[in-house]
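Everything on this sheet refers to the single structure shown next.
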Amino acid sequence: MKGIELISTSVQETQRIAKRLARALKKDDCLALCGDFGSGKTTFVKGLVEGLKVAKKNYVCSPSFVILKIYSGRLPVYHFDLYRLSEVRDCQEIGLFDFVAGGGVSVIEWADKVKRFLPPDTVEVKFAICGAQKRRLRFLTKSPRLMRTIGKLL
Ligand SMILES: Nc1ncnc2c1ncn2[C@@H]1O[C@H](COP(=O)(O)OP(=O)(O)OP(=O)(O)O)[C@@H](O)[C@H]1O
Ligand SMILES: [Mg+2]
């Protein structure tokens, strides 16, 4: 899989990156977010949701204890947090794969366990903590179109 790497040095920068990516997304695109606690996945989703023109009152606050949140923006946004799901079968049961093909943009935190079942139009975003304010974001995709899209983030 091909990809690019960016360094973010603030919450705002992580959100700006996500916002820019959001503008180029098409229906049924999927973002698979992987990385440790506090590495910036939910922060990234906030920027993404803003970039998809979701009304301010519907913004992401805390996805803790919620597996799926749906936002209505330029496209529907299906925001999953799979931390509490242990098996792919659980993901199937909550309809994850139906949502992913359901005409919106899906963004999945803790996507490691499902990433091999996600469609080709998926961008994997790997977050790593490099310092108090510093995060490394690695974007990977099999899709030539999405590769061009992430290339523009550089
Ligand atoms: N450059 C940065 N980008 C994103 N977050 C940052 C950055 N620098 C510091 N932070 C801090 O890191 C934390 C990221 O938290 P966030 O909830 O986004 O992580 P997460 O990956 O979703 O964690 P979890 O797996 O627990 O849901 C926040 O406290 C934020 O203020
Ligand atoms: Mg999170």
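In this chain, numbering begins with 1 at the start of the sequence shown. Remember, it's 1-based here, ligands and their atoms both numbered in the order they're listed.
For the pair Gly38 and ligand 1, the shortest N or O to N or O distance falls below 3.5 Å. Taking distance alone, with nitrogen or oxygen atoms compared against 3.5 Å, Ser10 approaches ligand 1 more closely than that limit.
The parts of Thr42 lying near ligand 1 are both backbone and side chain, judged by heavy-atom distances below 4.0 Å. If you look at Leu33 next to ligand 1, there are no close heavy atoms at all, none under 4.0 Å.
For the residues Gln133, Lys46, Lys134, Glu109, the heavy atom positioned nearest atom 7 (C) of ligand 1 is part of Gln133. When the heavy atoms of Ala132, Gly40, Gly47, Cys34 are ranked by distance to atom 9 (C) of ligand 1, first place goes to Ala132. Between the choices Lys41, Arg136, Gln15, the shortest heavy-atom distance to atom 25 (O) of ligand 1 belongs to Lys41.
Residue contacts with ligand 1 leave out Val45, since none of its heavy atoms falls under 4.0 Å from the ligand. The shortest heavy-atom distance from Trp110 to ligand 1 is under 4.0 Å. Not close to ligand 1: Gly35, with no non-hydrogen atom less than 4.0 angstrom away.
Interface atoms of ligand 1 facing Thr14, defined by a heavy-atom separation under 4.0 Å, are 1 (N), 2 (C), 3 (N), 4 (C).
Around the Mg ion (ligand 2), the angle linking Thr42 (OG1) with Glu109 (OE1) is 80°, rounded to 10 degrees.
Annotation: side chain of Trp110 is not in contact with side chain of Phe80 (no heavy-atom distance under 4.5 Å). Leu48 places none of its side-chain heavy atoms less than 4.5 Å from the side chain of Glu50.
In summary, the side chains of Thr43 and Gln15 do not present any donor paired with an acceptor at a separation below 3.5 Å, with no hydrogens or angles considered.
By the 4.0 Å N-to-carboxylate-O rule, Arg145 lies close enough to Asp121 to be salt-bridged with it. A salt bridge is absent between Glu87 and Lys113: the closest approach of a Lys/Arg side-chain nitrogen to an acidic carboxylate oxygen does not fall below 4.0 angstrom.
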* Under the side chain to side chain contact (heavy atoms under 4.5 Å, CB included) rule, what do Lys2 and Lys142 come out as? Steps first, then yes or no, please. => CA-CA 7 Å; Lys2 290 189 182 171; Lys142 290 177 185 157; over 6 Å; no
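Aromatic rings from Phe37 and Tyr83 are positioned such that their centres are separated by under 6.0 Å.
Applying the side-chain contact (heavy atoms from CB on, under 4.5 Å) test between Cys30 and each of Leu146, Thr122, Thr141 identifies Thr122 as the sole match.
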